[in-house]
Protein chains: 2
Amino acid sequence: MTTSRPLRADAARNRALLLAAAADEFAEHGLGASVADIARRAGVGKGTVFRHFPTKDDLIAAIVLDRIQALAAIGERLLDSGDPGAALLEFLTAAAQQRQQRDLSFLQEAGDVRPEVGKARTAMFQTIDTLVDRAREYGVIRTDVTGTDVILLMCAPGYVANSLPDAAPDLWRRYLAIIFDGLRPEGAHPLPQPPPDLL
Amino acid sequence: MTTSRPLRADAARNRALLLAAAADEFAEHGLGASVADIARRAGVGKGTVFRHFPTKDDLIAAIVLDRIQALAAIGERLLDSGDPGAALLEFLTAAAQQRQQRDLSFLQEAGDVRPEVGKARTAMFQTIDTLVDRAREYGVIRTDVTGTDVILLMCAPGYVANSLPDAAPDLWRRYLAIIFDGLRPEGAHPLPQPPPDLL
DNA sequence: CGATAAGCGGACCGGGCGGTCAACTTGCTA
DNA sequence: TAGCAAGTTGACCGCCCGGTCCGCTTATCG
């Protein structure tokens with residue numbers, strides 16, 4: 001990797017401040033937020049932003065990558081869990097929670113702005129796939145539901161914050177519960193359309 | 001209202017071309033798409049855009065309003081339907097279908113750019129609320145699910161197009177089905193958090 | 001068909017954007 | 001604590017965007 005010598009103390013602090021400020025700014029104004037505003041919010045000069053991130057897209061990619069890898073780490077840890085059903089629910093909870101903390105709808109806007117982001121996403125999807133396979137074999141979700149299904153379905157609860165500004169802060173749990181009920185084998189109705197194979 | 005004299009034939013045609021071109025351009029590049037590109041796509045000059053829509057926001061509002069009112073009309077019609085369960089499913093199908101035709105994720109970005117848009121949205125939400133009340137009384141959905149719940153949940157299937165570019169064109173039916181299963185009373189589990197009252 | 005006003009187009013403008021740079025400051029190390 | 005490389009800064013640049021404007025075109029109607 002490109003692990004050169006460690007950052008100077010103040011540089012490391014500024015980098016962290018910038019990532020936080022950028023996430024907040026993007027949450028409030030979308031990806032259109034200006035680099036100058038981000039710098040002001042972080043309390044640094046504009047030049048400092050470009051020293052840490054050569055372009056605005058690099059800054060965006062750094063944030064997105066951070067979130068994806070955080071989720072991937074949680075998923076990986078849950079692979080060793082004893083109860084596959086609880087593991088899947090816990091993962092989906094973590095995903096919804098992450099989206100809820102800050103408004104992360106700009107992640108949708110961002111897409112895969114850098115190839116590394118796509119790579120990380122694919123890796124995380126693979127983890128989810130395994131998580132779902134185990135839950136299915138364990139009998140806690142329908143036999144006709146795939147990992148891809150769950151990946152797409154799990155987008156929904158996170159949008160709550162955005163759509164309903166003054167909602168209770170853990171309302172997303174309610175929607176996660178409804179969707180999880182739809183995944184359960186008990187009251188399952190036959191599904192149209194065979195699922196596609198992501199990856 | 002401001003119903004002045006009818007548009008000239010060519011002007012009406014250009015207005016329609018512009019709305020379509022703008023929807024396509026916003027779908028491809030987000031709300032950041034430039035007015036000049038929209039004009040080029042519609043085959044008209046940039047000045048023509050501003051003749052029909054004084055500002056870019058007015059153009060955005062016109063598109064959003066169009067989609068909301070189309071959905072609202074469908075909902076209104078379904079209020080007179082005999083089977084409340086089928087009516088609700090049909091409405092949700094129409095909503096997902098609309099989102100699928102073009103990538104409408106930029107609607108999220110837009111928010112209520114003009115007060116009239118908020119008004120129209122509130123009106124549509126009220127229609128959905130009635131639709132859901134009837135379905136609940138009919139026993140086809142859980143007693144603890146509200147209109148607001150359905151409004152938020154119905155966002156999910158539409159995002160399929162955006163997240164999975166090469167998916168089958170009617171894959172959203174699959175996700176709508178799963179969510180609808182989660183709404184059914186049969187395998188329902190108790191829900192956390194009392195629902196908020198939208199409106 | 002001719003007059004007229006509604007509609008059209010694209011050069012043009014000011015502002016704000018992403019990105020650069022050279023002078024200055026500061027944490028690290030010997 | 002002296003020296004220096006790493007880090008910071010904000011004025012600056014060129015580009016592109018939303019929006020204006022006015023000379024030209026054309027649908028409409030008596």
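These values consider heavy atoms only, across backbone and side chains, with no hydrogens, waters or symmetry-generated copies.
- Separating the CG atom in A:Leu78 from the CG atom in A:Leu92 is a distance of 10.0 Å, to the nearest 0.5 Å.
- Where B:Gly32 and A:Ala11 each meet DNA chain D at their nearest nucleotide, the meeting point lying more 5' is that of A:Ala11.
- Here A:His52 reaches the OP1 or OP2 of D:dT8: one of its side-chain N or O atoms lies under 4.0 Å away.
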Exercise. In B/S/- notation, 5' to 3', how is nucleotides 22-30 of chain C contacted by protein heavy atoms closer than 4.0 Å?
Worked result: ----BSS--
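- Under a 3.5 Å cut-off, the side chain of A:Arg136 and the backbone N or O of A:Val145 do form a donor-acceptor pair.
- Counting non-hydrogen atoms under 4.0 angstrom, B:Ala12 reaches nothing in the nucleic acid.
- B:Asp58 places a side-chain N or O within donor-acceptor distance of the main-chain N or O of B:Thr55, the cut-off being under 3.5 Å.
- At whole-Å resolution of the value, CG in A:Asp37 and P in C:dG18 are 9 Å apart.
- Between A:Arg51 and the phosphate of D:dG7, there is a side-chain N or O to OP1/OP2 separation shorter than 4.0 Å.
- Within the 4.0 Å cut-off from OP1 or OP2 of C:dC8, at least one side-chain nitrogen or oxygen of B:Asn14 is found.
- Taken residue by residue, residues 55-66 of chain B places no heavy atom nearer than 4.0 Å to DNA chain C.
- At distances below 3.5 Å, at least one donor-acceptor pair connects side-chain atoms of A:Gln98 with backbone N or O atoms of A:Arg67.
- Atom CZ of B:Arg40 is separated from atom P of D:dC16 by 11 Å (rounded to the nearest Å).
- Between B:Phe50 atom CZ and C:dC13 atom P there is a gap of 17 Å when expressed in whole angstrom units.
- Rounded to an integer number of Å, the gap from B:Lys46 NZ to C:dG7 C1' is 18 Å.
- Nearer the 5' end of DNA chain C, as judged by each residue's closest nucleotide, is the contact made by B:Val44, out of B:Val44 and A:Ala33.
- Atom CG in A:Leu18 sits about 13 Å away from atom C1' in D:dT9, given to the nearest Å.
- At least one donor-acceptor pair under 3.5 Å links the side chain of A:Lys56 to the backbone N or O of A:Leu31.
- Side chains of B:Trp172 and B:Thr93 form a contact here, defined as non-hydrogen atoms less than 4.5 Å apart.
- Looking at every heavy atom in both residues, B:Asp57 comes nearest to B:Val113 through CG-CG2, 3.4 Å.
- Both A:Gly47 and B:Gly47 sit near DNA chain D, but only A:Gly47 has its closest nucleotide nearer the 5' end.
- Remark: A:Ser34 is not in phosphate contact with C:dG16, judged by side-chain N or O atoms under 4.0 Å from OP1 or OP2.
- A salt bridge is defined here as a Lys NZ or Arg NE, NH1 or NH2 lying under 4.0 Å from an Asp or Glu carboxylate O, and B:Glu25 with B:Arg40 fails to meet this definition.
- Here the side chain of A:Asp112 pairs no donor or acceptor atom with the backbone of A:Pro115 at under 3.5 angstrom.
- Rounded to whole Å, the distance from CZ on A:Arg15 to P on D:dA6 is 17 Å.
- B:Asp133 and B:Thr130 share no side-chain donor-acceptor pair at under 3.5 Å.
- Straight-line distance from the CG atom of B:Leu17 to the C1' atom of C:dG7: 14 Å, rounded to whole Å.
- In this structure, A:Ile38 places its CD1 atom 11 Å from C1' of C:dG18, rounding to the nearest Å.
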